[in-house]
Every structure is written in C-alpha cells, then in structure tokens.
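This structure is in structure tokens; I'll ask about it shortly.
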Amino acid sequence: MAKQEIPKAYEAKNHEDSIYAAWEQSGFFNPDNLKGEAFTIMMPPPNVTGVLHLGHALENTLMDSMIRYQRMRGRKTLLLPGTDHAALPTQAKVEKMLMEEGMKNPRQELGREKLVEKIRPFAEQSRTTILSQIKKLGTSCDWSRLAYTFDELRNRAVNELFRRMYEDGLIYRGLRVVNWSVRGQSTSSDDEIEHVERTAKLYTFRYGKDVPITIATTRPETKLGDTAIGVHPDDPRYASFIGQTFTADVGGASSLRLKVIADQQVDPAFGTGALGVTPAHSQIDFAMYETQKAKGDPIDLIPVIGSDGKMTSQAGVYAGLPVEEAREKFVGWLKKEGLMEKEEEITQNVGISDRYGDVIEAIPMTQWWLDVQKSIPGRGKSLRDLMREALTTGLHGDEKQKVIVNPDRFTKLYLDRVEHLRDWCLSRQIWWGHRIPVWYKGEEMVVGQQPEGEGWTQDEDTLDTWFSSGSWTFSTLGWPDKTVDLEAFHPTSWMQMGYEILYLWLMRMVLMSAYALDEIPFKEVYIHGILRDKNGQKFSKSLGNGIDPLEIIEKYSADALRFSVITGVTPGNDSRFYEEKVEAAQRLVNKLWNISRYILTSVEEPVHGQAFKELVPTTLADRWILSRLVRLEEEVSAHLQAAEFSQASEKLREFTWSDFADWYLEISKAQRQGETKASTDAILVYVLEHLLTYWHPIMPFVTEAIWSHFDDHELLMAHNWPVLRMVDLDLEAEAEMAWLQEAIGAIRNIRSENTVAPKQKVTVVMVGTNVEMHKGIIESLAGIESLTFASQPPTGEYASVVISDGQVFVSLQGLVNKEAERVKLGKEQKETESYIASLEGKLANEDFISKAPEHVVATMRQNLEDARKKLERYVHHSES
RNA sequence: GGGCGUUUAGCUCAGUUGGUUAGAGCGCUUCGUUUACAUCGAAGAUGUCGGGGGUUCGAAUCCCUCAACGCCCACCA
C-alpha cells in the first residue's frame, strides 16, 4: 500500500456529514439487517417547539454510545427516533409568536381550525430541524421507523387506549375542581404546576355580625362562594356549633348559608381553627363537599370565579370584577362593617402554570379523568398497584418485569409519588393535540372511534400530551396490532431521561405499558441530571446563556461535544458545561487522529485484522502494551455495560494519551530502527485498530474517519467489538515496565531539576540493578549518551536519585548543587523513614495481621521490604 | 412541614462492594520542540477528602451529629 496523505489536524467538518450518510446507507441502523438478541432504546421524543439544546446533545450521546456498544457486541439493536407534538407547549409557543406579531387573542381571532393550521407548519418545520440536528450528533437511529406522537398510527393507539380504559371504567367524565390557567384557558394536571413561594396577606374576619365564628383566608373574594365553616371535630371551641347553619349577607353580594361541619382535615392550630369552606374553589374544600354529600348531609357548591378569571353572576354586586378588584372591594366592605379582625403578612406557596406562568385557579368543571385507584376488571389491581409493582417486586412478582432505576434513589421518589397519586385530569381545552375520542349525538355517546352516520359531534377537548407520550414505548412498535416489532422489541432494554420528567413521563410510561401490554416499558432507566453553565446556572432564554450544540459541533467536532457532555458526569447529578471542556476534548480527538496518522503513514503495509496469537511481542514494551490493552478492553466493556460512560471514557483517554502515545509510540520509534521493526509495526497497528473500536461508541466520527484509511471497506460501526482474554494479561511485564517508567522518570527529573537541555546527552550510572536488556529504551527516552551498570556508586560530580530497585546517578559536570542535593535526599529519606514506621506499626498490630485479608498483608510486607531497601540506599548515599 | 442531593487540588469533577503513600482534566511554574501532534513533549507545585464524634486492625468510603449550598414534594385555608 502506498504511503497515505493524512492532514495534520482532524477537520471534523470534512468528515462528519459524509460519514453519517455512509452509515445510514449501510443499512446497519436498521435492526432488520442485524442478527442477535434484540436491544432496544426508544428515543425520548424531543418537543417540536423549536430546536435542540445541549440537554438533547447529552441524551443523544448517552443513547448512541449505549446502542453502538451493543450493536458492536452483536445485538440486534434498535434505537427508534421520534418527536413529540407537545400539545400545550407548542400551542403556547405559536400563540406567543402570533401575539408578538400583533394579534391580541389568536384563539378568538382565528378559531380552532385556523389556529391549528398555523401551528402545523411551525411544528413541521421544527420537526425537520430537530431530525437533522439529531443526525449531526451522530445518533445511529433507525430512520425507517421514525415516529411522531401526533401521526396517524399514534393517534390510533391513543384512541384505542382511551377506549379500553373507558370500557374498563378507569376513564370517567366528572365534575370536579380542576387546576385552571386563566391565561392558557385550559386545565393542567397536578404535575404541570410549579409551586412558588410568595408573601400574601392573611385576613382574619367574620362573615357577618351574627356569625360567631371567625375565619382566616388569603383569598377573601372566594369567601363569597362559601357554603360551610369547617372545624376540627375535637375542637372544644366550636363543638357546640357543629351542625348549625348561619346566614350572612356578605358585602351586599348574596346571602350565604354557612353550615358548621366537622372535618379531620381542619388544622385547629392554624388561624382561628375554623375554615371557610369554598367547595368550588379549593381542592380540599371540594373534598369536604364530597364527604358531606356521601354522609347525606350535603352542602352547596357556588362557583364565584369564572373561567375568565372574573367574578361570576353568583357573586352579586361583584360580578364581572377581576379577582384582585373583587378582593379589594370585599376587604373594604369588611373593614367598613367592622368585621375585619386582623391582617398579617404570611408566606405561602402558590401554584403557577408551568407554561403560561399565571396563578392556577381552582374551578369546578366537568372533565375526563383517569382513575388510578379503581380495580381493573379481570385483574384485581388498580393502575396504582401496577405502577408500584413495576418498580418493587416486578409485575406479578416477576423479577424480569421489574424496572431497574439508576441511580436507585429515584425509585424511592417514584414510589412515594405513586402512593400519593390522585386521579389524572386528561382533558385539555387547547386545540393542538389528540382530540378526546368521544362522539355525541343527543343523549348518545360513543367512545373510541367515530361512528357511522350523520349528526355526531366530537368532544371539543384534547388529551393531555403525556397520554400519548406515555404509550411511546409500544405505540412506536405498531400497537394495538400484534406486530412483529412489538414481539421483538418490547419491553425495551434501556431508557434514559432527565430527573425533571420522572413523574411526568416515567410514571406514565409504566402505567400505560403495564395496562396495555401487562409489561414494563423498559428494563433499565438511567436518570441523568441537567447541564448548567459555568456558574452552575440553568441554561435559559431569559438569562441569555444558551449554547447551541450545533455551533459547538461546527467549531470543534461532534465527537468533542459528545466526549465533553459525558465525561466527569455521574447519573442523577447535574453537571456544568463550558467551552474549555470541549477544547480539552477536541485536543484528545486530535491526539487520537495524530497517533493514527503516525502509524498509518509510517507503517508501510498496515496488516489489518491480525489475531492476538499472530503477534510476536519481542520486547518488554510489546508485552506491556498488549497487556494494558487487554486490561483496557475488560474495563471499558464492563463500564459501558453498566452505563458508566464517564469511567469508560476516562480509561480510554488514559490509555490513549499516556500508555499508547507517551510511552509505547515513543519506545516504538527505537524499536522500529532494528530487527524488531516488523513485530513492532504489527503491534502498533493491532493496538490502534482495537483502540479505535473501543473509542467508537463515544467518538464515532473520528474513529470511523481513521478506520477508512485501512485497506478494506468495512464500516467500523458494523465491526465486532473485539473481546480480549484475561489470560493474556502479562503482570510481569506490567510490573517491570512500571519500574522502567520510574527509572526513566527519575533521570528526567534530575535533568529537569538541574536544567539540562533535552538535547544534551548525559552519562548515567545505575547501581544495584541490572536491566541491561532495556538499555536502549532508557537511553532513548531519557536522552542518555552512555548508560552503564555498576555495583558501587561512581565518584565525581553526579546527581542521584533513589528508586524502588536501585539508584540512578546522572553525571553533571559542574552543574550539581551539592547542598541542594543533600537537602533533597535528606527530605526524601525522612519521608521514607516515616513511611517505614507507619508500615511497621501496622504490621506489628496483631489484630491487623489476623483480621485483614491475606493479600493486603502481603502487599504491605512487600512495601515494607521495598521501602527498607530504598532507605538503605539513602543511608549509603549520605555516608559516601 | 417532610424528603433528597452536594461538600475531595486554584477551577470543574472522578474515586466500583472500607485495604498500598487519594486521582484526572483545566489552570499555574520551569525547561524544551526541523523528526505523528504547539490541538505538542518533559519535569514540578498545590489536599488536615466541609466540622465534630463513633464503628473498625484499617474510613474520602459505613453510622450519628452539626453547618453551608442546591433541589423535590406537601390541600395550613
């Protein structure tokens, strides 16, 4: 083979797109072209609300590193890509854009169909962008199975799931108090609310002069809808009032009828111990309303706040006022009437819509709900039971149907949440999303799919977006049909997600999968943290600290980006991202490139694919580097298998830069001068091709680019992961090499301390050891002119250093600072002495000898022996 | 009000079941570089592993406690 021309630096731009195209064209992204046991990852579908951010870069790196490793290990791998229509966030985003363009109320001005027609192209555009960005990151997913939560197949799955749950009595329609966003004009689930601490005013007052009970509230205006006064059943202050009804003519609004009821949930220690019960505008009060109804002692429900955030007609003279004005007016009236007893500042948590940012109002509405506690017909278990089982005993006590969470602490959070789960409000009043699959005609109602015939109208509401993403692991495989894919790839093997969607997504995937298939959605889930900026702040638009992953790829390389988001990161913990990290990673990429460049351009005929047995390790360095490679394979495999990406990449970096580049390559330069050339060349090529293979899952592009310089046309991506044998470890060579490295380091140290220029050759005498066979290595790596071995220290101007197995003397005519030498040796001697003392102490301890494992004691004894030998040399030296 | 996480070199972080004298990257200091790579090489400095207590032959690692920072949950109206 002719010598190759390889550029000095790796220019990622010239390679990445064409490499990705070659991968795609090869067909190996598609498991149909692969053999072996299935290994499946469903890509968490990015929202079509814009472009990819760094978090996606992290996720794609995690998924792709895992899938590439498994593919190379001979698994039939499927990484299925997709996107999420993200109902509310997408509609909110488009509405915001329209409003920025001058529209006041897009929903009102456009109406349902026209608004959806505005959202669709935006979503499509966003999808296209995102999909191309995923390719830029190198993600090896099967594009032939691309899915979208809002396409026809997924819609069919969603409708079918809804129908089954309805028929099982789990989905019901009911009047309940919902979380209402006035700004968004829609309900939210409990999980879509953020709690923000605020200061608020707590008002303490009586409803009227004839009402003997004082209550406290931060929302006086809602008191216009009060229908009861709640007290704790054991509270002696109010015991005599329980059951009585008082009337009050509040603020000229309406006449309230307030029944005093006893309820365990009332905290006698808060405020006055009496609670104004507003069933229409409080979850807890609504629960009391239901309890009273069940008891046969019902109280009324009076909505005084409407979906527009203004007071309703039932609020009398307050009707039409925004809540804040109503509050002010009512407070004014209370004061005027002398009913107000106290006003104080308190801090409280308010629920905020996480998308629209306004305070959530509790409003009674008829909505669709999913009951998580009801027993599923024929199964004797509720959805809650299934969700619990999946992470504890495994579904039906089957260990194989258990989801393993990494790190484990998130299991606890999940389970805690499962126990406190309330019914899930499924319906939304936005328009971008799967429409509730229910049709009405007069009194008739059909669920699942549109019935034949005229006159049917579909429910106006849409489904919570998590209803469709919850079914992602199987809707993507063709469910509800019994497809080959579903059989082959479900439950999926591995999933990764950020902890911020643990509740939103993990729980719902488990719920949906357990319900629809009686299977867990995946066997293992890896929880990652979020990427923060250099100062530990979240990346956000408002802070303006965002980093576009594509710009990073453009400036450095996709491999450097991948390496830098994955390294130094542990599951479940946040990490910081900044360009210096990418720079360091890019240096590593370039290092690998140049190692390869050196080997491929200087070895005349790189023999590709040699077997370990065919190699002829001739020198110590040969044996050593092969042993190190065996160790590397073992470690990297174990780390990747365990999803310890950071550790895997650290091991690879260490081997690449230190063992291979700094040591073996340098030694090889001498070895290639003589008769060991052929064997050295073979080993260089062997180690290189293995190293590229092991790097490939993490840095796929540069490894593939280098691989293409080998003689055949096989893609590295489709190459088998070479498994080496532990029996080929050469412990003797590793120990001997470690000593040699120490000796060379010692000589270099003396040179450096005495500022001997690297070019200046020195004369070295080594005492107390005989390693003449490695003379050449020491000479070439330590810049030595003459290396001799002696039994006695030489006389004359020498600087010396004591090493584990001997002493090194470096001649330094006129350069030695004898005093400095003495001080240095004296210091080292002291350190050795105290080290010996500590070892002797340990070894003199009977308990240690009897209780510590043998190998620990043996190592300690060996260390002591070595240290004593070393000390002798110091003593000897100071005497001479 | 509960719960969780973090605290290791100047900075960012590893440290796998407790076991040699605690590591990496970046930064810093010195010297060098026609010879794969200045996106480089060699050498070097820097740590009472947040504080205190305990268990153990042995603790960065396990237990208790305190502190600082961060996060999550919760219907004190």
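Note that the coordinates shown come from a computational prediction; the quantities given were computed from them, not determined experimentally. So you know, we letter chains A, B, ... as the sequences are listed, proteins then strands, and number each from 1.
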How would you list, by chain and number, every residue that makes a ring pair (Phe, Tyr, Trp, His ring centres under 6.0 Å) with Phe701(A), sequence neighbours excluded? Trp23(A)
P atom, rG52(B) versus rG5(B): distance in rounded Å?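 Going atom to atom, P in each nucleotide, I get 23 Å.
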Taking only the C1' atom of each, what is the distance from rC76(B) to rC69(B) in whole angstrom?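 Going atom to atom, C1' in each nucleotide, I get 28 Å.
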Ignoring hydrogens and geometry beyond distance, is the side chain of Lys669(A) in donor-acceptor contact with the base of rA36(B) at under 3.5 Å?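 Between rA36(B) and Lys669(A), which were checked side chain against base, a qualifying N/O pair under 3.5 Å is present.
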Test Arg206(A) against Glu341(A) for side chain to side chain contact (heavy atoms under 4.5 Å, CB included), laying out the working first. CA-CA 8 Å; Arg206(A) 285 185 295 152; Glu341(A) 286 188 5; 4.2 Å; yes
Find the distance between CG (Asn590(A)) and NZ (Lys8(A)) and round it off to the nearest 0.5 Å. 10.5 Å
Regarding the side chain of Glu650(A), the nearest nucleotide among rG27(B), rA36(B), rA24(B) is rA24(B)
Which nucleotide sits closest to the side chain of Phe270(A): rG15(B), rC76(B), rG44(B)?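 Nearest listed nucleotide: rC76(B).
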Closest to the Asn573(A) side chain, choosing from rC57(B), rU21(B), rU6(B):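 Ranking rC57(B), rU21(B), rU6(B) by closest atom to the Asn573(A) side chain puts rU6(B) first.
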Using the C1' atoms only, state how far rC26(B) lies from rA14(B), rounded to an integer number of Å.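 Looking at atom C1' only, rA14(B) and rC26(B) are 14 Å apart.
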Regarding the side chain of Arg576(A), the nearest nucleotide among rC37(B), rU12(B), rG3(B) is rU12(B)
State whether Trp657(A) places a side-chain N or O below 4.0 Å from either non-bridging phosphate oxygen (OP1 or OP2) of rG41(B). yes
Out of curiosity, Asp866(A) CG to Tyr835(A) OH, how far, rounded to the nearest 0.5 Å? 8.5 Å
Quick note, Arg417(A) side chain, CB onward, closest among rA77(B), rA36(B), rA74(B) is rA74(B)
What's the separation between atom CD1 in Ile547(A) and atom CG in Leu531(A), rounded to the nearest 0.5 Å? 9.0 Å
Could you please name the option among rU39(B), rU56(B), rC75(B) that lies closest to any side-chain atom of Asn590(A)?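 In terms of side-chain proximity for Asn590(A), the closest of rU39(B), rU56(B), rC75(B) is rU39(B).
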Residue Lys223(A), side-chain atoms from C-beta onward, closest of rA77(B), rC40(B), rC75(B): rA77(B)
Using the P atom in both, what is the distance from rA9(B) to rA77(B), to the nearest Å?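 About 43 Å, rounded to a whole number of Å.
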Atom pair CD1 (Ile501(A)) and CD1 (Ile527(A)), whose distance is rounded to the nearest 0.5 Å: 8.5 Å
Between the side-chain atoms of Gln283(A) and the base atoms of rA77(B), is any donor-acceptor pair under 3.5 Å? no
Nearest-angstrom distance, P atom, rG47(B) to rG3(B): 38 Å
Over how many whole Å does the gap from Glu635(A) atom CD to rU16(B) atom C1' extend? 11 Å
Pairwise C1' distance for rG15(B) and rU6(B), with rounding to whole Å: 15 Å
Mind running salt bridge (charged side-chain N to carboxylate O under 4.0 Å, His left out) on Lys534(A) and Glu580(A) for me, showing each step along the way? CA-CA 10 Å; Lys534(A) 198 168 186 174; Glu580(A) 288 90 325; 2.8 Å; yes
Can you check the Glu666(A) CD to rC40(B) P distance for me, whole Å? 14 Å
Spacing between Leu843(A) atom CG and rG58(B) atom C1', to the nearest angstrom: 12 Å
Counting side-chain heavy atoms from C-beta on, which of rG5(B), rC75(B), rA77(B) comes nearest to Arg422(A)?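 Out of rG5(B), rC75(B), rA77(B), the nucleotide with an atom closest to Arg422(A)'s side chain is rC75(B).
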In terms of side-chain heavy atoms of Asn749(A), which of rA43(B), rA77(B), rC72(B) is nearest?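 Nearest nucleotide to the side chain: rA43(B).
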Minimum-distance nucleotide to Arg653(A) side chain [options: rG25(B), rU21(B), rC26(B)]: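 Selected nucleotide: rG25(B).
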Expressed as a whole number of Å, how far does the C1' atom of rG51(B) sit from that of rU46(B)?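 Rounded to whole Å, the distance is 22 Å.
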Identity of whatever pairs with rC37(B) - Watson-Crick or G-U, under 3.5 angstrom: none
Mind calculating the distance between CD1 (Ile193(A)) and C1' (rC75(B)) to the nearest angstrom?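 Going from Ile193(A) (CD1) to rC75(B) (C1'), I get 12 Å.
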Please report the distance, rounded to the nearest Å, between NZ in Lys581(A) and C1' in rG25(B). 9 Å
So for Lys591(A) and rC37(B), does any side-chain atom that can act as donor or acceptor lie under 3.5 Å from a complementary atom in the base? yes
Between rA68(B) and rU56(B), how far is it from one P atom to the other, in whole Å? 32 Å
Starting at the 5' end of RNA chain B, which residue's closest nucleotide do you reach first, Asp190(A) or Asn845(A)?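 Its nearest nucleotide being more 5', the pick is Asn845(A).
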Using both distances under 3.5 Å as the test, list the Watson-Crick or G-U wobble partner of rC49(B), or none. none
